[in-house]
Amino acid sequence: MTELTTLPHTGLEVPHDRYTLADFQQTEMRCGIAYSATVNEGGRCVGVIENQGDGGGTWFYPATAADRRAVHEFAATCRMDGEPLSEERVMDRLIDEHEMAGEVEKCARQRKSLLRALDEDGQIGVTVAVGAPPVWLTRADSPFLSRIARKLKASDPDVSAWEVWTGDQWAPLNLPAIPD
């Protein structure tokens, strides 16, 4: 079995990290969000990931037949929590990883922290940028946590847990209890 690398934002386990996404574009449609991104390996385009935003699937359009085989083998090797995924789910997760990495980079440039919500099943929900650096949010004695907890509870009361990007990993955000 190939040794897998776990991507930091989605947990997708991949056989290599040579594929990168570029030219990401998205548009809100009536039934969803349409998006596309170019998949590159080094400086070479191997294809395009696309979703029409009409409730249909996510597709990979290869540049060559060899790229089709290589991406198919890549997707067949990928895992999530040790379980195989369909090629479509792999493509969706690569898009999710790319989007989250972009949000993380934007927050770092603005000297903000990125928080993400987790539902009861541990699935990622909304993300929120807050104007305090991660080092201040990972400390139990942080004066910012009470105010952030109140705002998060008011805006997203059904979130099971929050995590903060520390600069190299997602860590639990230990918020104080806020009475109703």
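- Surrounding CZ of Arg44 are more than 12 heavy atoms belonging to other residues, nucleotides or ligands, all under 6.0 Å away.
- Using the six-membered ring where Trp is involved, Tyr19 and Phe74 have ring planes that are perpendicular, over 60° apart on the 30 and 60° scheme.
- Between the CD atom in Glu73 and the CZ atom in Arg68 there is a gap of 10.5 Å [rounded to 0.5 Å].
- Summarising the geometry, atom OG1 belonging to Thr5 is positioned 10.5 Å from atom CZ belonging to Arg18; distances are rounded to the nearest 0.5 Å.
- Remark: the Thr6 side chain and the Glu13 side chain contain no N/O donor-acceptor pair separated by less than 3.5 Å.
- Within the model, atoms OG1 of Thr127 and CG of Leu115 stand 9.0 Å from one another, a figure rounded to the nearest 0.5 Å.
- For the pair Ser160 (side chain) and Glu120 (backbone), a donor-acceptor distance under 3.5 Å is present.
- The line from NZ of Lys151 to CG of Asp156 is 13.5 Å long, rounded to the nearest 0.5 Å.
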*Do Glu83 and Arg79 pass the side-chain contact (heavy atoms from CB on, under 4.5 Å) test, and can you show the C-alpha distance, the side-chain angles, and the key distance before you say yes or no?*
CA-CA 5 Å; Glu83 297 295 321; Arg79 299 288 182 267; 5.5 Å; no
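- For the 3.5 Å distance criterion, the side chains of Tyr61 and Asp67 fail to qualify, holding no donor opposite an acceptor.
- Side-chain contact of Glu97 with Thr10: a donor-acceptor pair under 3.5 Å is present, judged by distance alone.
- Without hydrogens or angle criteria, Asp54 side chain to Gly56 main chain gives a donor-acceptor distance under 3.5 Å.
- Once rounded to the nearest 0.5 Å, the distance linking CG of Leu152 with CG of Leu173 reads 7.5 Å.
- Checked against Ile49 for a side-chain contact (heavy atoms from CB on, under 4.5 Å), the options Thr38, Thr58, Val90 give a single hit: Thr58.
- The neighbour count for Asp81 CG, taken as heavy atoms of other residues, nucleotides or ligands under 6.0 Å away, does not exceed 12.
- For the pair Arg116 and Trp170, the cation-pi test (distance below 6.0 Å, angle within 45°) is passed.
- Open room surrounds NE2 on His72; 12 or fewer heavy atoms of other groups in view lie less than 6.0 Å from it.
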*For Leu7 and Val14, run side-chain contact (heavy atoms from CB on, under 4.5 Å): C-alpha distance rounded to whole Å, both residues' side-chain angles, the deciding distance at 0.1 Å, then the answer.*
CA-CA 7 Å; Leu7 300 180; Val14 297; 4.0 Å; yes
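- Checking each of Thr138, Ile148, Asn174 against Val164 for a side-chain contact (heavy atoms from CB on, under 4.5 Å) leaves exactly one that passes, namely Thr138.
- Here the CD-CG distance, from Gln26 to Asn51, works out to 11.0 Å after rounding to the nearest 0.5 Å.
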